[in-house]
Participant: 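Got a structure here, written out as structure tokens. Questions coming.
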Protein chains: 2
Amino acid sequence: MAKITLKEIAKRLHLSPSTISKALNDSYEISEETKRKVREFAQRHNYQPNPLAKYLKLGKTNNIGVLLPNIQTSFSAQLLRYLHKSAIHNSYNFILMQSIDNEKDEERALLTLTNQGVDGILIAPVSETSNQQLLSDIHNNNCPVVIFDRIHYNLDTHKVGIDNVRSTYLATEELIKINRKNIIAFCGKNIGVTQYRLEGYRKALEDYNIPIKEENIIYIDYRKSLTKIDEGLKKIIIRHMRSNDPPNAILGTTETLTTRVLGVLADLKIQVPKEIAVIGFSNIEFANSLNPALSTVHQPTEEMASTALRLLLDLINSKRDRSQIDFQTILLETSIQLRKSTMLT
Amino acid sequence: MAKITLKEIAKRLHLSPSTISKALNDSYEISEETKRKVREFAQRHNYQPNPLAKYLKLGKTNNIGVLLPNIQTSFSAQLLRYLHKSAIHNSYNFILMQSIDNEKDEERALLTLTNQGVDGILIAPVSETSNQQLLSDIHNNNCPVVIFDRIHYNLDTHKVGIDNVRSTYLATEELIKINRKNIIAFCGKNIGVTQYRLEGYRKALEDYNIPIKEENIIYIDYRKSLTKIDEGLKKIIIRHMRSNDPPNAILGTTETLTTRVLGVLADLKIQVPKEIAVIGFSNIEFANSLNPALSTVHQPTEEMASTALRLLLDLINSKRDRSQIDFQTILLETSIQLRKSTMLT
DNA sequence: TTGTAGGCGTTATCAT
DNA sequence: ATGATAACGCCTACAA
């Protein structure tokens, strides 16, 4: 806070800067007497070391960069919260960036981060191939990168996420168990994980000998305008409900789609779960407030955050040649939380 | 990214560091020829100036600190999103901190931020009196502070928020209009804005000559454990419904309370709005997915973010003595969005 | 047009 | 136990 510097203290105390530095850093070389005096003076004058100078000297910033596509979901908010908690706990700060699901913004954010000086980067990439060269350059130079959430990405480093195939497999299975076999799958467009989540859906249907209707797999690109998503969903649902083989269940592969679809169904007065059962990815805390209480695939955000951060700090503090490290991909377990939207009683 | 420094370039090009520096900063002193050569070399080697060194020299970091009590609500997420957008747009990065509605964490966060070197701080304080001395010290030294959202705080600086009294007045009025006059008000505990929001509630009742029942004003402290909030709400609602003058409406003065209460009502099979109408603060994007579609008091997050940031940057870049500035408190308009939860057809 | 020197606030190394 | 010096990487008078 205060403007006083180490040098200034030295002058006022008739000591040298190095003595002050050592005293404040509790060096064994300095007498208790002097330490006391220095500390007392520093405190009284509210001395705060200049972090830039310190980090310049030390060659690190104690900042890590966190780059998320979008912070508008409960999933992201939780991730952020726990990342923050872990970071602080390890005496790191984080600089938050958003790519808004957009390669150009992602690139800009990455440049800003490196430019700004971060000791490492945690990223959920926009797509499977976005900014590959850049990210690889960054990673292979000074600044280790750990990938989380959207782990299907071609970079040789630690990755922390969930088993997307298995998660949707289990969710789909829940629908099949209640005999809802005509299932619409709503997917985000071009998100790295989409294909894998769909794979689980397909596999489950196959395993239960249910024919896959390609027209039941629907991509919705809501990244640009969240406002139009409701209209889009509405049109599609109406069309399907009017077909001669109307669906009786919906699987949402992203939180946004899963939660939004409920509003559209309510608006269309389509009864859930009576006419259509709904299950999908969502970490929303108040699933019970939804119409109706929503069955969800829930991701372990706290574990994901702490694991990703731990791996990143390992890389930052590791002296070893980056190519010597065998990188791991950690898949955390999701949990299925059944609520009214899939309960037929 | 790359490890190359200005000095290194100088050596390799057989020029002096200052020449390189000037060339890269497009100084008029340097010949075009040299500039071209230097730029080309720098680009090829992916030269990035060390931000710490630069900022040490320049005396600023280009970082601003953002301190929020909690990022788990739509309101905060939106605020964050727009703050980020504005910050980036002004070539500032932001370092995010959370106080988790807790004075101790707030203090720690503030110390970290100043310690880390930020050019200014944007804060929504934990309470009306939390960390007053510290914040005032920070503000009066190098690091200007702007307060937003929770603007009822004793610090002489710019503040940006909403008119809390008026907002709840209008919301309460909506309930009165549909003849729901026995209104429970759910309030967060010790949040700076609570009293003002309650004031609007009280005023509206008075203006319509409705007696105020003190037992209808209920404080819920959910800051420590969000998990128990549902149980808490449940008990209270049951008790009130069983009284001899059961309420017929609920006003939520925080987003969390407003959204959570719907789940509890659904669980208790209390019909909304038939038995109880609900309105309250919430910036949730998918209000239509709630049970039922929720009438909300909506805050202009984008405007709040951009205004607060603008004022902060003004302070950062202002050369004037801090005491010369006449600080403003800006109150933005909220909007009431009526949906099913208050519609009696 | 280019180069030299000093300094930003620290810390580390090496004297004294 | 304390101090002098150099260095981190960059910028900027000022000198050449």
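Protein chains get the first letters and strands the later ones, always in sequence-line order, with residue 1 at the start of each. These numbers come from the heavy atoms of this one structure, side chains and all, not from hydrogens, waters or symmetry mates.
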Participant: Give every pair of a protein N or O atom and an N or O atom of nucleotides 13-16 of chain C that lie under 3.5 Å apart, one pair per line with the distance.
Facilitator:
residue, atom, partner, partner atom, Å
dT13(C), O4, Lys22(A), NZ, 3.4

Participant: Return each pair, listed once, that meets salt bridge (Lys or Arg N to Asp or Glu O under 4.0 Å) where at least one residue sits in residues 140-153 of chain B; pairs must be two or more places apart or across chains.
Facilitator: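 Checked against salt bridge (Lys or Arg N to Asp or Glu O under 4.0 Å) - neighbours excluded - the pairs reaching residues 140-153 of chain B are Asp101(B)-Arg150(B).
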Participant: Please determine if Arg36(A) and Glu32(A) form a salt bridge, counting it only when a charged side-chain N lies under 4.0 Å from a carboxylate O.
Facilitator: no
Participant: Decide whether Gln133(A) and Asp137(A) meet the rule of one side-chain donor and one side-chain acceptor closer than 3.5 Å.
Facilitator: yes
Participant: Quick one: salt bridge (charged side-chain N to carboxylate O under 4.0 Å, His left out) partners of Glu302(A), sequence neighbours excluded?
Facilitator: Lys85(A)
Participant: With no hydrogens and no angle check, just 3.5 Å: does a side-chain donor-acceptor pair link Ser18(A) and Ser21(A)?
Facilitator: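 No, Ser21(A) and Ser18(A) have no side-chain donor paired with an acceptor closer than 3.5 Å.
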Participant: Please enumerate all residues that pass side-chain contact (heavy atoms from CB on, under 4.5 Å) together with Pro51(B), with sequence neighbours excluded.
Facilitator: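 Tyr55(B).
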Participant: For Gly120(A) versus Leu312(A), what's the shortest heavy-atom pair and its separation?
Facilitator: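 Answer, listing the atom of Gly120(A) first, then Leu312(A): C-CD2, 4.0 Å.
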Participant: Using a strict 4.0 Å threshold on nitrogen-to-oxygen distance, state whether Lys104(B) and Glu107(B) make a salt bridge.
Facilitator: yes
Participant: Mind calculating the distance between NZ (Lys11(B)) and P (dG3(C)) to the nearest angstrom?
Facilitator: 15 Å
Participant: With the criterion being N/O to N/O and under 3.5 Å, what pairs connect the protein with nucleotides 7-10 of chain C, and how long is each?
Facilitator:
residue, atom, partner, partner atom, Å
dG7(C), N2, Lys57(B), NZ, 3.3
dC8(C), OP2, Lys7(A), NZ, 3.0
dG9(C), N2, Ala53(A), O, 3.4
dT10(C), OP1, Tyr47(A), OH, 2.7
dT10(C), OP1, Asn50(A), N, 3.0
dT10(C), OP2, Leu6(A), N, 2.8

Participant: Take the C1' atoms of the five end pairs on each side of the helix from dT1(C)-dA16(D) to dT16(C)-dA1(D), get both axes, and report the angle to 10 degrees.
Facilitator: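 The value is 50°.
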Participant: Who are the salt bridge (charged side-chain N to carboxylate O under 4.0 Å, His left out) partners of Lys22(A), not counting sequence neighbours?
Facilitator: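 If we apply the salt bridge (charged side-chain N to carboxylate O under 4.0 Å, His left out) test to Lys22(A), skipping adjacent residues, the hits are Glu29(A).
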Participant: Would Glu8(A) and Arg12(A) pass as an ion pair if we require N to O under 4.0 Å?
Facilitator: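 Yes, charged N to carboxylate O under 4.0 Å.
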Participant: What parts of residues 31-43 of chain A reach DNA chain D, counting only heavy atoms under 4.0 Å away?
Facilitator: Ser31(A), Thr34(A)
Participant: How would you list, by chain and number, every residue that makes a ring pair (Phe, Tyr, Trp, His ring centres under 6.0 Å) with Phe41(A), sequence neighbours excluded?
Facilitator: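 Partners of Phe41(A) by the ring pair (Phe, Tyr, Trp, His ring centres under 6.0 Å) criterion, ordered by chain and then number, come out as His45(A).
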Participant: Name the orientation class of the two ring planes belonging to Phe327(A) and His158(A) (parallel below 30°, tilted from 30 to 60°, perpendicular beyond 60°).
Facilitator: perpendicular
Participant: Tell me every residue that passes ring pair (Phe, Tyr, Trp, His ring centres under 6.0 Å) with Phe94(B), counting only those two or more places apart in sequence or in another chain.
Facilitator: His84(B)
Participant: Of all nucleotides in DNA chain D that come within under 4.0 Å of a heavy atom of chain A, which is furthest toward the 5' end and which toward the 3' end?
Facilitator: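 Nucleotide range with atoms under 4.0 Å of chain A: dA1(D) to dG9(D).
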Participant: If only side-chain N and O atoms count, and only distance matters, is there a donor-acceptor pair under 3.5 Å linking Ser86(B) with Asn90(B)?
Facilitator: no
Participant: Who pairs with Thr61(A) by side-chain contact (heavy atoms from CB on, under 4.5 Å), at least two apart in sequence or on another chain?
Facilitator: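 With neighbours one apart ignored, the set is Asn63(A), Asp119(A), Leu52(B).
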